[in-house]
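Working notes, beginning with the structure itself.
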2 protein chains.
Amino acid sequence: MTTPHLLVDPTKVEANTTRLHDHLTALGSTLRLHVKTAKSVDVAKIVFRGGTGPITVSTLHEAEEFAAHGFTDVVYAVGIAPDKLDRVRALRAKGVDLVVLLDNVDQARAAASAGVPALIEVDCDGHRGGVLADDPALLAIAGALGDGVRGVLTHAGESYYCRTEEALVEAAEHERATAVRAAETLRAAGFPAPVVSIGSTPTAHFARDLTGVTEVRAGNYVFFDLVMAGIGVCTLDDLALSVVTTVIGHREDKGWILTDAGWMATSRDRGTADQPVDQGYGLVCDRDGHLIPGLLMTGASQEHGVLSMRQGPLPHLPVGTKLRVLPNHACATAAQHDRYHLTTGDTAWPRLNGW
Amino acid sequence: MTTPHLLVDPTKVEANTTRLHDHLTALGSTLRLHVKTAKSVDVAKIVFRGGTGPITVSTLHEAEEFAAHGFTDVVYAVGIAPDKLDRVRALRAKGVDLVVLLDNVDQARAAASAGVPALIEVDCDGHRGGVLADDPALLAIAGALGDGVRGVLTHAGESYYCRTEEALVEAAEHERATAVRAAETLRAAGFPAPVVSIGSTPTAHFARDLTGVTEVRAGNYVFFDLVMAGIGVCTLDDLALSVVTTVIGHREDKGWILTDAGWMATSRDRGTADQPVDQGYGLVCDRDGHLIPGLLMTGASQEHGVLSMRQGPLPHLPVGTKLRVLPNHACATAAQHDRYHLTTGDTAWPRLNGW
């Protein structure tokens, strides 16, 4: 098979899935899988044991394609652009319970007049969009939505910057408490708001209490990556995704091994650059997935990778050697490819790229 | 049309093409278009005025697809992995003059035994691979290739870090002189080495003399981008590529406008971060392409963009407003999409992604 290409170990996807399932079950909650990381019906089928559970999407293209495969309980978790409501209505007319997200009155009026139900985005940590739980805008938006208020949604995006277990547990509890408070405000004002949706891969794993929460969203955890390992959400052994590459040359004068996987194959994502241990463009494993100690992908042009050692001499890796690179950010690396090859040798899984 | 999507102004592609064509013609050389930026047969047809001129590819997939459209003079400018030679031979058997690139004896032996001609990569600035022009390895590689020596290829990749016109002119001359010197070494040893191939978008535009050079490679210049404008190779008016996005919300407390174009649409490339003026994830224009002074895309998550001002108050851009973002790096941004929409409203141009 030509290099570079993506490789997935399905047994690791299963183990990651079981771990989060058991954790959420013990806390009395359930998963709404975020399909934005894998964008793969095959991965979702592993998560739902062959079934079609509730999903979160990041694009309407994902919503349409997953709906065609029987996934009819869908939250589109990017603030709705009003001119996308026609596509939303078309899916709803086919029986898909597609719910949108919004955080302002303009969007709420548009959703209400299109007859599309919505979750109100609540900001728990200043990460991105959303209204604050005690902002009067919450009730103004609900008023504009009327019967279309489905509930609230919060995403603790800043949990990616937590550095201790204590901080992660606290971020998870703050995410929960903020969402529940906002839902209670809506209910006190007469809006039923049945859904309280929270989640991020770090907080989903470090939640100790999910009282009042009706669903937890996570997606990255199906593969995990070096950023998640750096936060402490997983170990390097849990990483299910890698980029397979071939050695094409050496620059002994510079301490470099050159490969045929550049940023086109890994993405430009350098999420670990902000972490205590910068892993470059990725850690390097042999073709069977065993880490080669100290070897990093330190440079990338479009179709060239540069490998070098943190310290010490380069290992002997002749031209033609196959290697695996563990990525910084699974969502970004996978997005550079149109399919997943499998360690089992089974038929590749397609990805649903685009909008 | 849904957002985000890529938008190309074909009149700017034509103007960029004419400018480089005239420059190279005046210096007595010709272009070998690098198709890795646009990955588009339609763009190549503009460059070659409807014809099928010589091209450079970054993947064998590009070689195969362009060959199917009549482009039969092709250099694959990534060091060859020996197990890719079967695909190269299959194309050559169809009449495509596909030439590979290499910089070591292992590759040269493999190419020779496959009967595939090659250019020897020469390093002029320590950017990536290649042998130094005075390294005895040059003749050892030629010896292993035998009749397969087609010539030399150099890429002044470090020219991206030049900050003055003088430095760019010097980088271009050094690229030329290094390649010519290596070719003369080969010829003195009895290898005909008819091809002397050099190029990068900055040096192609700042070359003052191309004596001894038989072809110049460039690709980014068809679109240009903020990195090229920062180097001084083009003006902001020359940028032919943008990402169209929709405003989905505001965080007045933070000075943010939120959009539906995140890093999935722009890529994670932040090439201007290393330049004197950091342009964030991109400069922002209105829907017609007029710059909105001071407005930048300063943050990105997967499907969310954050816009903010360098200084001063945010402009009034209500929910639903369409905007264009000018990218840092056209090659990387275009790679996030499968087609180009056109300012003329004509049928979209497909891209040839993958390997």
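Worth saying up front: this structure is predicted, and the values here are computed from it rather than measured. The sequence lines fix the lettering, A, B, ..., with proteins before strands; numbering per chain opens at 1.
No side-chain heavy atom of Thr2(B) sits less than 4.5 Å from a side-chain heavy atom of His61(A). Between Lys322(B) and Asp83(A) the shortest side-chain heavy-atom distance falls below 4.5 Å.
With chain B as the partner, the residue from Gly249(A), Ser58(A), Gly354(A) showing the most heavy-atom pairs under 4.5 Å is Ser58(A). Of the listed residues Ala265(A), Gly157(A), Ala77(A), the one with more heavy-atom pairs under 4.5 angstrom with chain B than any other is Ala265(A). When each of Gly129(A), Ala335(A), Gly299(A), Gly320(A) is checked for heavy-atom pairs under 4.5 Å with chain B, Gly129(A) comes out on top. For the set Gly262(B), Pro318(B), Pro82(B), Gly130(B), the entry with the most heavy-atom pairs within less than 4.5 Å of chain A is Gly130(B). Looking only at heavy-atom pairs under 4.5 Å with chain A, the residue among His127(B), Lys36(B), His329(B) that has the most is Lys36(B).
For Ile80(A), the part lying near chain B is the backbone, with the side chain staying farther off; criterion is any non-hydrogen pair under 4.5 Å. For Arg87(A), the part lying near chain B is the side chain, with the backbone staying farther off; criterion is any non-hydrogen pair under 4.5 Å. Looking at Arg128(A), both its backbone and its side chain come within 4.5 Å of chain B, counting heavy atoms on both sides. Neither the backbone nor the side chain of His5(A) comes within contact range of chain B, judged by heavy atoms closer than 4.5 Å. Using a 4.5 Å cut-off between heavy atoms, Lys254(B) touches chain A through its side chain atoms alone. Contacts of Pro4(B) with chain A are made by both backbone and side-chain atoms, with heavy-atom separations under 4.5 Å. For chain A, no part of Val306(B) is nearby; none of its heavy atoms comes within less than 4.5 Å.
Of the candidates Thr246(A), Ile248(A), Asp260(A), Lys84(B) forms a side-chain contact (heavy atoms from CB on, under 4.5 Å) with just one, namely Asp260(A). With Thr59(B) as the fixed residue, the side-chain contact (heavy atoms from CB on, under 4.5 Å) test singles out one of Met264(A), Glu303(A), Gln302(A): Glu303(A).
Below 4.5 Å, heavy atoms of chain B meet heavy atoms from Asp123(A), Gly126(A), all part of residues 119-126 of chain A. Contacts between residues 103-111 of chain B and chain A, defined by a heavy-atom separation under 4.5 Å, are made by Asp103(B), Asn104(B), Asp106(B), Gln107(B).
Between atom OG1 of residue Thr333(A) and atom CZ of residue Arg268(B) there is a gap of 10.5 Å, rounded to the nearest 0.5 Å. Distance CD/Gln336(A) to CH2/Trp355(B): 7.0 Å, rounded to 0.5 Å.
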